[in-house]
Protein chains: 2
Amino acid sequence: MAELESNSELLTLFKALADKNRLKIIGLLAQQSHNVEELASALSIGASTVSHHLSVLSKAGLVEGKVQGYYSVYSLQTRPLETTAKYLLHWDELKGLASDSAGEDVFERKIIATFVTPEGRIKAFPVQEKKVLVLIRYMLREFKPGIEYTEKQVNQMLAKFTKDTARVRRAFVDYKYMAREGGGGKYWRI
Amino acid sequence: MAELESNSELLTLFKALADKNRLKIIGLLAQQSHNVEELASALSIGASTVSHHLSVLSKAGLVEGKVQGYYSVYSLQTRPLETTAKYLLHWDELKGLASDSAGEDVFERKIIATFVTPEGRIKAFPVQEKKVLVLIRYMLREFKPGIEYTEKQVNQMLAKFTKDTARVRRAFVDYKYMAREGGGGKYWRI
DNA sequence: AATTTATTTCGATGAATATAGAAATAAATT
DNA sequence: AATTTATTTCTATATTCATCGAAATAAATT
């Protein structure tokens, strides 16, 4: 498995970790290297099954086996565990997991990547109207159709994106993404 | 899921992460909260299937849903990801994964826990012979039956456990765990 | 070369689970 | 209260995958 984890590599890694006996194998190998039969008897399962598990773990880069006399001795490789762990810690990178699904188009994604922090706040508003609109729609997603929000609620929900909540609220209305009731100040998506 | 991860909690977490569509859901929720239908259309799968996936993720503590008008809006919970990541980084704790398998008995495990560092080195040799023997057998596991090792190899393999390799090598022979050929200095397990 | 030993591959079976569609539930609007 | 809308639960089906035993492979000893 390469150092840079693609989505499918992450998937094979999690799949490799998603089995009781494979976790036990990892635990045993974390103590000491073992050959196939030792693992089989420790887990009370067949040697061919252990061999299968080791192959799965090996494809995920989690173990490495080397022939030593009659036996092939397997040892734990901790690097993939470490890189995965760091990856999970910077969970903002998890956004990439959705990449191959048809959510945003390429242009929009680029704008968002440029003008939105990993935490989801607007760094600054672009000058070009077209780009501003991408961000407006980005924040609009927070509001579900069919629900009425008070002006206070709207401001509250926008606060996590930017300090200039009024500007965004006005943009929602100006660009006809939201309607507002004249008096009471209720907003809803169109 | 509790803060302290038991083995089975780790397993449910990895199982939850071991599916393509669930990873995509996590990716989408890392960007923004979503309701079930939004996720279903983004992934091109049925709403009931998404509901099932969200239930799996929820049992693992990875998402949380709250009712909001017509919709129930799901958001990503990053804490379990963080604790899991830290757990993987301190991979010496992975040894616990093998705990419920019938490898060592309780006494031996306790001795090893006391006198062996997380990295696998001998901190110090106990005074009681019975306890020393546990450590001797612990190191003996590194050597596979049927294979001959030169004295140099034996020392080399023991070096990762202790500086006093000669003591251990002698103990192997004294306690009849290993035999040695008189002249050439070849060792093998009995 | 023949034999012994450990591991891997192959083929088959059973269990777990992802998926869809229908029915039931819940929440809000009329 | 009846209706609309979204979600969940239920039921059934298809796929994935863990497991075993047998056969094939590989490596070392005789």
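Just so it is clear: chains get the letters A, B, ... in the order the sequence lines come, proteins before strands, and each one is counted from 1.
- Summarising the geometry, the separation between NE2 on B:H53 and P on D:dT8 is reported as 13 Å, rounded to the nearest angstrom.
- Distance, B:I45 CD1 to D:dA14 P: 19 Å, rounded to whole Å.
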Could you walk me through whether A:Y149 and A:Q156 pass the side-chain hydrogen bond (donor to acceptor under 3.5 Å, both in side chains) check? CA-CA 10 Å; A:Y149 302 89; A:Q156 218 168 333; over 6 Å; no
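- The existence of a salt bridge linking A:E151 and A:K186 is excluded, since no basic side-chain nitrogen approaches an acidic carboxylate oxygen closer than 4.0 Å.
- Straight-line distance from the CG atom of A:L17 to the P atom of D:dA18: 12 Å, rounded to whole Å.
- Under the Watson-Crick and G-U wobble criteria, each requiring two contacts below 3.5 Å, nucleotide C:dT4 is paired to D:dA27.
- Taken to the nearest 0.5 Å, the CZ atom of A:R169 stands 11.0 Å off from the CG atom of A:D174.
- Ring to ring, B:Y187 and B:F143 are not that close: their centroids are 6.0 angstrom or more apart.
- In this entry the distance linking CD of B:Q68 with P of D:dT5 reads 19 Å, nearest Å.
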Short heteroatom pairs, N/O only, protein and nucleotides 7-11 of chain C, under 3.5 Å:
{"residue": "C:dT7", "atom": "OP1", "partner": "A:V36", "partner atom": "N", "Å": "3.1"}
{"residue": "C:dT7", "atom": "OP2", "partner": "A:E37", "partner atom": "N", "Å": "3.2"}
{"residue": "C:dT7", "atom": "O3'", "partner": "A:S72", "partner atom": "OG", "Å": "3.4"}
{"residue": "C:dT8", "atom": "OP1", "partner": "A:Y74", "partner atom": "OH", "Å": "2.4"}
{"residue": "C:dT8", "atom": "OP2", "partner": "A:S51", "partner atom": "OG", "Å": "2.9"}
{"residue": "C:dT8", "atom": "O5'", "partner": "A:S51", "partner atom": "OG", "Å": "3.4"}

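- In this structure, B:E142 pairs ionically with B:K160, as a charged nitrogen and a carboxylate oxygen lie closer than 4.0 Å.
- Nucleotide D:dT29 holds its C1' atom 15 Å from the CH2 atom of B:W188, rounded to whole Å.
- Stacking of B:R167 on the aromatic ring of B:F125 is recorded, both the 6.0 Å distance cut-off and the 45° axial limit being met.
- Pairing partner, C:dA18: D:dT13, with both Watson-Crick or wobble hydrogen-bond distances short of 3.5 Å.
- OP1 or OP2 of C:dT17 sits under 4.0 Å from a side-chain N or O of B:K15.
- When ring centroids are compared, A:F115 and A:Y138 stay outside the 6.0 Å threshold.
- A residue-by-residue look at B:E148 and A:G46 shows that A:G46 has its nearest nucleotide of DNA chain D further toward the 5' end.
- If you measure from atom CG of A:N21 to atom P of C:dA16, you get 13 Å, rounded to the nearest angstrom.
- Per the geometry, CG belonging to A:L39 stands 13 Å off P belonging to D:dT19, to the nearest Å.
- Atom-to-atom, NZ of B:K66 to P of C:dA27 comes out at 15 Å; the value is rounded to the nearest Å.
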